[in-house]
Amino acid sequence: MSSLKYIDSAEVEKLLDWRVLLESIEKALGHFSVGKDGGVVQPVRTVIPVDKHHGYMGVMPAYSSYDNALATKVVTFYPENRDTPTHQAWILLLDPPTGSLKAIVDGEAITAIRTALASAVATKHLSNPASKILAILGSGIQAHSHYKALSLVQNFDEVRVWSRTHAHAQKFAQEIHAKVCSTAEEAVKDADVICTVTFATTPILHASWVKPGAHINAIGACVPEWQELESDLMRGSVVYCDSRDACNKESGDIIVSQCEIYAELGEVIMGQKEALWERTTVFKSVGMAVEDVVSAKMVYNNYIKNHPDQ
Ligand SMILES: NC(=O)c1ccc[n+]([C@@H]2O[C@H](COP(=O)([O-])OP(=O)(O)OC[C@H]3O[C@@H](n4cnc5c(N)ncnc54)[C@H](O)[C@@H]3O)[C@@H](O)[C@H]2O)c1
Ligand SMILES: O=C(O)[C@@H]1CCCCN1
């Protein structure tokens with residue numbers, strides 16, 4: 001019997017191939033949206049507030065029979081953390097035939113990367129193929145991973161960055177050779193693709209600023225009362241999501257605006273719903289356990305290849 005492995009964050013980053021994972025995540029999203037026949041079992045996660053400390057803990061189990069992978073992620077998000085990361089996560093990877101624990105995989109990098117790759121899949125399907133201007137609102141972990149992931153699916157001529165703290169926007173923009181903007185409105189003017197990757201609790205992106213036909217990846221506001229996008233923008237766009245059940249329970253952008261969800265991204269991938277990329281589209285994600293499951297499995301398989309003696 002093989003021994004239990006602990007795979008830390010540095011190792012995870014080395015073992016994940018973004019391009020290969022992009023394809024696995026696209027398949028997993030498709031399988032999820034097919035329902036029972038897709039072989040994905042993923043209930044809506046449990047999230048509990050840790051009110052006294054202004055944080056949250058989520059527990060996210062999933063099984064994918066196609067990937068022969070079974071895991072649970074425990075994730076905490078503490079928006080006020082400063083010296084400690086705002087998101088921390090650990091994934092328990094189990095052996096589907098026996099139910100035994102195979103590995104504990106650090107989930108911080110996986111959360112950063114798989115979220116951005118899901119947005120890259122959405123951008124591939126839902127943005128205008130001739131998109132040239134990318135705007136990123138936010139300058140944290142997801143801002144960095146979204147820049148890298150979206151660059152895998154589109155060739156942008158211009159990248160613009162806005163963040164609440166201008167110095168952070170400047171630093172991020174320098175790192176990725178982007179243009180720094182002093183307002184979110186300036187950053188998104190005429191942008192073809194917009195990513196909102198912040199901890200905002202009230203809208204930072206307004207309908208009147210957005211070019212008709214733009215595609216928006218709305219990644220933050222994963223709490224029922226929080227919003228990143230103005231309600232008019234949600235109601236006036238074609239809204240896609242990662243999971244209807246999860247978004248209807250957790251996404252303030254959807255719950256507060258009472259907008260209609262047109263489709264899950266997986267339904268587009270499987271050809272069951274149209275990619276209406278000539279219209280203004282929003283991909284609202286709250287994050288799915290099956291994305292963590294396929295990522296942790298890839299990390300584990302590559303780890304075993306590199307350490308055949310263990
Ligand atoms: N959809 C998903 O699957 C998924 C996965 C992980 C994280 N997230 C969400 O994405 C968002 C960003 O996560 P991260 O890991 O980059 O966090 P981070 O802490 O690294 O960065 C947070 C960013 O939000 C900005 N910010 C904080 N409060 C703000 C406010 N009130 N208005 C405007 N900007 C504000 C910060 O300046 C920073 O740029 C969070 O809301 C997080 O919960 C979603
Ligand atoms: O799916 C996730 O891992 C994240 C955790 C933080 C809140 C949003 N969703």
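Both counts, for ligands and for their atoms, begin at 1 and track the order of listing. Since this is a predicted model, take the numbers as computed values, not measurements. We're numbering straight along the sequence, starting at 1. These values consider heavy atoms only, across backbone and side chains, with no hydrogens, waters or symmetry-generated copies.
When heavy-atom distances to ligand 1 are checked against a 4.0 Å cut-off, T115 comes that close only through its side chain, counted from C-beta outward.
In this structure, H87 counts as a contact residue of ligand 1, since one of its heavy atoms falls inside 4.0 Å of the ligand. Within the 4.0 Å heavy-atom shell around ligand 1 one does not find T165.
Compare A116, G58, A200, S163 by their heavy atoms: the one nearest to atom 30 (C) of ligand 1 is in A200. For atom 4 (C) of ligand 2, the candidate residues are Q88, M60, R45; the nearest heavy-atom contact is made by R45. Across the listed options Q142, R164, E228, Q142 owns the non-hydrogen atom lying nearest to atom 6 (C) of ligand 1.
Note: no N/O pair closer than 3.5 Å links G138 and ligand 1 by distance alone. The shortest N or O to N or O distance between W162 and ligand 1 is not below 3.5 Å. Annotation: C222 places no N or O atom under 3.5 Å from an N or O atom of ligand 1; distance criterion only.
Less than 6.0 angstrom separates the ring centroid of F199 from the ring centroid of H87. Between F172 and H144, the ring center distance clears the sub-6.0 Å criterion.
Protein heavy atom closest to atom 2 (C) of ligand 2, with residue, atom name and distance, is R114 NH2, 3.4 Å. In this structure, atom 6 (C) of ligand 2 lies nearest to the protein heavy atom F77 CD2, 3.4 Å.
For atom 12 (C) of ligand 1, the nearest protein heavy atom is under 4.0 Å away.
Close approach of ligand 1 to S285 (heavy-atom distance below 4.0 Å) involves ligand atoms 1 (N), 2 (C), 3 (O). Atoms of ligand 1 lying under 4.0 Å from any heavy atom of S139, numbered from 1 in the order shown and given with element: 39 (O).
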